[in-house]
Undergrad: 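Got a structure for you, questions after.
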Number of protein chains: 2
Amino acid sequence: MPTKTYLNLPEEKRQKIEKAAIAEFATNPLQSASINAIVSKAGIAKGSFYQYFESIDDLHDHILTIVRKKKLEVINSLPLDSANLDTFRYLRRVLQAAVEFQIRYPDLASIERFQRLSANHLSSVDPETGERMGGDGRFHAFLTQGILHDDIATWVDVDMAAFMLEIIEGGIAPYLVERIGDKAPEFTSGNLLSVDDQRTQDLFDNLMDILEAGLARTPQIRKDFYSK
Amino acid sequence: MPTKTYLNLPEEKRQKIEKAAIAEFATNPLQSASINAIVSKAGIAKGSFYQYFESIDDLHDHILTIVRKKKLEVINSLPLDSANLDTFRYLRRVLQAAVEFQIRYPDLASIERFQRLSANHLSSVDPETGERMGGDGRFHAFLTQGILHDDIATWVDVDMAAFMLEIIEGGIAPYLVERIGDKAPEFTSGNLLSVDDQRTQDLFDNLMDILEAGLARTPQIRKDFYSK
DNA sequence: GTACAATGTGACCGTTCGGTCACACCATCT
DNA sequence: AGATGGTGTGACCGAACGGTCACATTGTAC
């Protein structure tokens, strides 16, 4: 945790430090990140660094909280069609948020990817039941809910499917952004959200069709639609 | 590329060096791997290292060729049901090879994962057509073939699906191995291949069902089978 | 034996690393 | 003015880094 001294710093200075740290952690995994490089880029003395943070891990943790905060912001900034989305619309929303995050904050997305690799959270343990769950539990709960709502096929191995969705969420965003291609700069300028772009939506449709056909209890396969 | 001197080294010495390098690269990404640590673990002088390799990248490249070679060995060691597998049996074989590789050579699998992260080969370019392909092209060709054989639905975005399969292949092996759990040690001893274990096969069945339902032209959804 | 080339070696170099600390600075008090 | 306490600073430390090189050792040819 950052020290009180750091938290009392003027916003401007804090941002300069965080910007430098983000740039460093986005290009170097924590193991090979350099404190010297960060303080140099931030324009502060090394002694100051140690008055703000206990160690580089401390700073990295702090940056990770920023990553999570910004990601939440992106998720909440997506337009909500209705109060209670059905299972697959919700999944689409989650994946869309990953893409939006990749576009708006590529550095933060990069940090998230590094973190995913180093923290091999193959499975976590449900604090209540004590059962093992694929991934961090978000998709596990999501799929369980989906089964209760008769959206997800009962034969699906929820544990494994949850893990699969997690690695898809974590890995496919950079690819989709590259596919979207030329449009990306417009998104970053903030004038246009990927959610409004037709090409992006077509890609998402296809991705969701594959996932839905694979997971759904009564899949709405688009074969006919596409073959027309 | 290693020097002639290295290639002429007695097998025993080469293996000691490669073993040390593999241990280092499995725990540290290339950026933060240490030559000093490698030569120390291998029991050779630092001067010798530079007579064998130009740099640490040179050594890393050499280790990567070993990774690829061993992975090919694993793929070929899997029993082949028939000369020409149908599309989804082939896909199952590829994913099974990834698991088998993870079990037999966890260090090499770890090196492969580090490499995947640093080399952001989101897409590659087909040297013939000049078209972009999701992933490195293997799954792209696989899916294209599948469509020709009427196995894969024509509406599937081959590019994206190829990338999706690639990240599934790259990410799911450690999870499946953890799921298999207690059986893993027996596999490493070589007495038992994962391909023979029932629990492993059940997991694979479920994974393949999801993928097949999502991708196939005429999916053989197992709903009925599981709900019995 | 001698000559010569190939290979092995670790002390040594300059650089960078994480981390410390004596000191400078400065706002706020009596 | 003087004292106090929080904040900023960069020279400095030992350790580790990648890389070099003069020299030792070994192998081969004669």
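Every chain is numbered from 1, with letters handed out A, B, ... down the list of sequences.
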Undergrad: Classify A:A37 by what it touches in the nucleic acid, base, sugar-phosphate, or nothing, heavy-atom distance under 4.0 Å.
TA: nothing
Undergrad: Atom CD of A:E54 and atom P of C:dG19: how far apart are they, to the nearest Å?
TA: 10 Å
Undergrad: May I ask you to say what A:K13 touches in the nucleic acid, namely base, sugar-phosphate or nothing, with a heavy-atom cut-off under 4.0 Å?
TA: sugar-phosphate
Undergrad: Could you give the CZ-to-C1' distance, from B:F49 to C:dT7, as a whole number of Å?
TA: 17 Å
Undergrad: Could you pick out which residue, A:N36 or A:G47, lies toward the 5' side of DNA chain C when each is mapped onto its nearest nucleotide?
TA: A:N36
Undergrad: Grab the CZ-P distance between A:F53 and C:dG19 for me, whole Å please.
TA: 14 Å
Undergrad: Please state how far atom CZ in B:R14 lies from atom P in C:dG8, giving the value in whole angstrom units.
TA: 13 Å
Undergrad: Taking CD in A:E54 as the centre, count heavy atoms belonging to other residues, nucleotides or ligands within less than 6.0 Å. Is the count above 12?
TA: no
Undergrad: How many Å lie between CG on B:N8 and P on C:dG8, as a whole number?
TA: 10 Å
Undergrad: Under 4.0 Å, heavy atoms only, any strand: does B:I38 hit a base, just the sugar-phosphate, or nothing?
TA: nothing
Undergrad: From the 5' end of DNA chain D to its 3' end, which nucleotides mark the outer limits of contact with chain B, defined by a 4.0 Å heavy-atom distance cut-off (strictly under)?
TA: D:dC17 to D:dC21
Undergrad: Roughly how many Å is it from CD in B:Q51 to P in C:dG8, rounded to a whole number?
TA: 6 Å
Undergrad: Is there a side-chain hydrogen bond (donor to acceptor under 3.5 Å, both in side chains) between A:E100 and A:Q96 once you walk through the steps?
TA: CA-CA 6 Å; A:E100 201 70 29; A:Q96 217 154 19; over 6 Å; no
Undergrad: Taking it one step at a time, do A:Y105 and A:I22 satisfy side-chain contact (heavy atoms from CB on, under 4.5 Å)?
TA: CA-CA 10 Å; A:Y105 307 106; A:I22 287 170; over 6 Å; no
Undergrad: For B:Y52 and C:dT9, give me the distance from atom OH to atom P, rounded to whole Å.
TA: 7 Å
Undergrad: Which pair of heavy atoms, one from B:K13 and one from B:I44, lies closest together, and at what distance?
TA: CE-CG2, 4.0 Å
Undergrad: For A:S48, report the nucleic acid contact type (base, sugar-phosphate, nothing); a contact means any heavy atom under 4.0 Å.
TA: base
Undergrad: Specify the closest pair of heavy atoms between B:V156 and B:A161, including all atoms of both residues, with the distance to one decimal.
TA: CG1-CB, 3.6 Å
Undergrad: For a quick test of reading the model: is some side-chain N or O of A:S55 closer than 4.0 Å to OP1 or OP2 of C:dG19?
TA: no
Undergrad: Salt bridge between A:R138 and A:E169, side-chain N to carboxylate O under 4.0 Å?
TA: yes
Undergrad: Give me the ring orientation class for A:Y6 and A:F53: parallel if the planes are under 30° apart, tilted from 30 to 60°, perpendicular past 60°.
TA: tilted
